[in-house]
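A quick write-up on the structure given underneath.
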2 protein chains.
Amino acid sequence: MDAERRLRSRGYRLTPQRRAVLEALAGEGGRPLDTSQIHKRVSREFPGIGLATVYRTLELLVELGIALPVHLHEGSRHYELNTGEHRHHLVCLSCGEVQPFRGCDPGELAERVRDESDFLVTSHCLSLFGICGSCRSPGRGR
Amino acid sequence: MDAERRLRSRGYRLTPQRRAVLEALAGEGGRPLDTSQIHKRVSREFPGIGLATVYRTLELLVELGIALPVHLHEGSRHYELNTGEHRHHLVCLSCGEVQPFRGCDPGELAERVRDESDFLVTSHCLSLFGICGSCRSPGRGR
DNA sequence: CTATCAAATGATAATAATTATCAAAAAGCA
DNA sequence: TGCTTTTTGATAATTATTATCATTTGATAG
């Protein structure tokens with residue numbers, strides 16, 4: 001895991017707690033998780049881990065670019081591993097499923113902004129809401 | 001003001017408090033405001049208005065489509081009047097200024113999603129961050 | 001192997017934003 | 001004027017997050 005190098009090179013340690021948080025983020029198909037979900041998952045393998053540690057670890061992983069915050073507008077902040085690929089999320093309003101959306105081109109977006117404003121975009125945040133395929137297919141829904 | 005009709009037709013009243021919140025949203029150049037900013041502004045003309053009333057009023061205005069929530073990732077939820085035109089916001093990371101971005105085409109976005117996923121987008125949320133013109137022009141910045 | 005020192009943890013307190021509750025006040029209407 | 005429903009203000013309760021701090025852990029130097 002490359003995360004260890006990135007931690008070490010900045011003087012941080014890859015503790016068992018941090019490793020467990022990384023594993024939680026990697027598992028479960030990469031669905032973005034919030035702090036309490038991660039805390040629950042990690043507690044299975046690592047009973048006694050403090051919630052504050054989970055918060056601190058996620059903050060650190062984001063700072064190091066290992067994880068990314070995801071805004072699903074579900075009340076709490078979610079996180080996922082940074083795959084390096086630019087992506088956003090599709091949130092099904094019916095079943096809650098979250099799937100990635102890769103069709104955003106940041107350069108094109110920044111250009112589009114510059115076309116209409118004197119503004120240099122350095123980052124953005126996009127969330128998409130709607131109904132997923134299985135909720136629309138007849139006989140399924142929910 | 002058309003807001004009164006929309007309220008009345010659903011059995012709600014346009015109280016002085018609600019009118020004051022609407023005026024606060026309309027004033028100040030339409031910069032999105034959060035609850036406590038609105039509460040402060042309204043308190044000038046309307047001392048004694050409760051914070052809970054501001055929260056409730058904003059919730060109601062959003063429900064009726066008169067106002068829209070704006071997510072600037074500044075800790076609290078912001079609101080602006082619904083102009084009917086689809087827009088997002090450019091947030092300057094240097095001076096905090098917020099300006100509208102009108103170059104988003106929801107239909108095109110939904111299509112782009114459908115190109116790669118079996119997902120029907122019904123709404124989305126976009127925020128753009130960067131550096132505004134006056135912060136980049138030499139001798140200005142801040 | 002042990003002393004040392006910074007990093008990390010867990011418990012918990014403190015904040016901050018928001019929502020819920022409820023008695024009292026205001027507004028519409030018969 | 002009396003009745004009913006809406007609305008309000010005060011305040012308690014929730015929820016998410018951040019801060020604090022004593023203790024533990026891990027790496028490192030001797």
Side-chain angles (χ1 to χ4, degrees), chain A residues 3-24 32-64 66-79 127, chain B residues 3-24 32-64 66-79 127:
Chain A
E4 179 154 14
R5 247 173 301 159
R6 261 185 284 184
L7 283 162
R8 287 238 131 80
S9 69
R10 297 259 248 125
Y12 298 113
R13 300 169 188 168
L14 180 54
T15 64
Q17 288 93 335
R18 287 179 181 163
R19 189 188 299 278
V21 169
L22 283 167
E23 279 164 11
L33 303 172
D34 71 13
T35 315
S36 88
Q37 292 171 323
I38 292 170
H39 183 246
K40 274 198 208 86
R41 275 166 174 57
V42 169
S43 294
R44 289 182 207 148
E45 325 265 321
F46 208 107
I49 186 173
L51 185 56
T53 299
V54 177
Y55 271 101
R56 279 181 301 228
T57 299
L58 290 168
E59 185 188 25
L60 179 63
L61 295 179
V62 169
E63 183 195 324
L64 298 177
I66 297 168
L68 292 171
V70 176
H71 302 274
L72 303 180
H73 302 283
E74 287 178 2
S76 54
R77 201 176 305 147
H78 288 63
Y79 296 88
S127 311
Chain B
E4 179 153 14
R5 247 174 301 158
R6 262 185 284 183
L7 283 161
R8 286 240 131 78
S9 69
R10 296 258 248 125
Y12 298 113
R13 299 168 189 169
L14 180 55
T15 64
Q17 289 92 333
R18 288 179 180 162
R19 188 188 299 278
V21 169
L22 283 166
E23 278 164 12
L33 303 172
D34 70 14
T35 316
S36 87
Q37 291 171 324
I38 293 170
H39 183 246
K40 275 198 208 87
R41 275 168 175 55
V42 168
S43 294
R44 289 182 207 148
E45 326 263 321
F46 208 106
I49 187 173
L51 185 57
T53 299
V54 177
Y55 271 101
R56 279 181 302 229
T57 300
L58 290 168
E59 184 187 25
L60 179 63
L61 295 179
V62 169
E63 183 194 323
L64 298 177
I66 297 168
L68 292 171
V70 176
H71 301 274
L72 303 180
H73 302 282
E74 288 178 2
S76 54
R77 199 176 305 146
H78 288 63
Y79 296 88
S127 310

What is the distance, rounded to the nearest whole Å, between atom [atom1] of [X] and atom [atom2] of [N]?
X	N	atom1	atom2	answer
A:H71	D:dA16	NE2	P	16 Å
A:Q37	D:dA16	CD	P	10 Å
B:L60	D:dT5	CG	P	19 Å
B:L64	D:dT7	CG	P	10 Å
B:I49	D:dT8	CD1	P	7 Å
A:H39	D:dA16	NE2	C1'	14 Å
A:E74	D:dT17	CD	P	12 Å
B:L14	C:dA26	CG	P	17 Å

Review point. Got a donor-acceptor contact below 3.5 angstrom from the A:H39 side chain to the A:T53 backbone?
Key: no

Using the side-chain heavy atoms of [X], tell me which of these nucleotides is nearest: [options].
X	options	answer
A:S76	C:dA11, D:dA10, D:dA16	D:dA16
A:R56	D:dA16, C:dG10, C:dA20	C:dG10
A:R77	D:dG9, C:dT19, D:dT17	D:dT17

May I ask you to evaluate whether [X] reaches the phosphate of [N], defined as a side-chain N or O under 4.0 Å from OP1 or OP2?
X	N	result
B:Y55	C:dT19	no
A:T15	C:dA8	no
B:T53	D:dG9	yes
B:R8	C:dG28	yes

Looking across every strand, which nucleic acid part, if any, lies under 4.0 Å from [X] by heavy atom: base, sugar-phosphate, or nothing?
X	value
A:R10	nothing
A:Q17	sugar-phosphate
B:R18	sugar-phosphate

Check your understanding: How do B:V54 and B:G11 order along DNA chain D: which one's closest nucleotide is nearer the 5' end?
Key -> B:G11

Could you tell me the separation between the [atom1] atom of [X] and the [atom2] atom of [Y], rounded to the nearest 0.5 Å?
X	Y	atom1	atom2	answer
B:L72	B:H78	CG	NE2	5.0 Å
B:I66	B:R6	CD1	CZ	5.0 Å
B:R19	B:E4	CZ	CD	6.0 Å

**Study point:** Audit row: A:H73, B:H71, ring-ring contact (aromatic ring centres under 6.0 Å, His included) steps and yes/no
**Key:** CA-CA 9 Å; A:H73 302 283; B:H71 301 274; 4.1 Å; yes

Revision key, fill the gap. Sorted by position of nearest nucleotide on DNA chain C, 5' first, the leading residue of B:A52 and B:R13 is B:A52

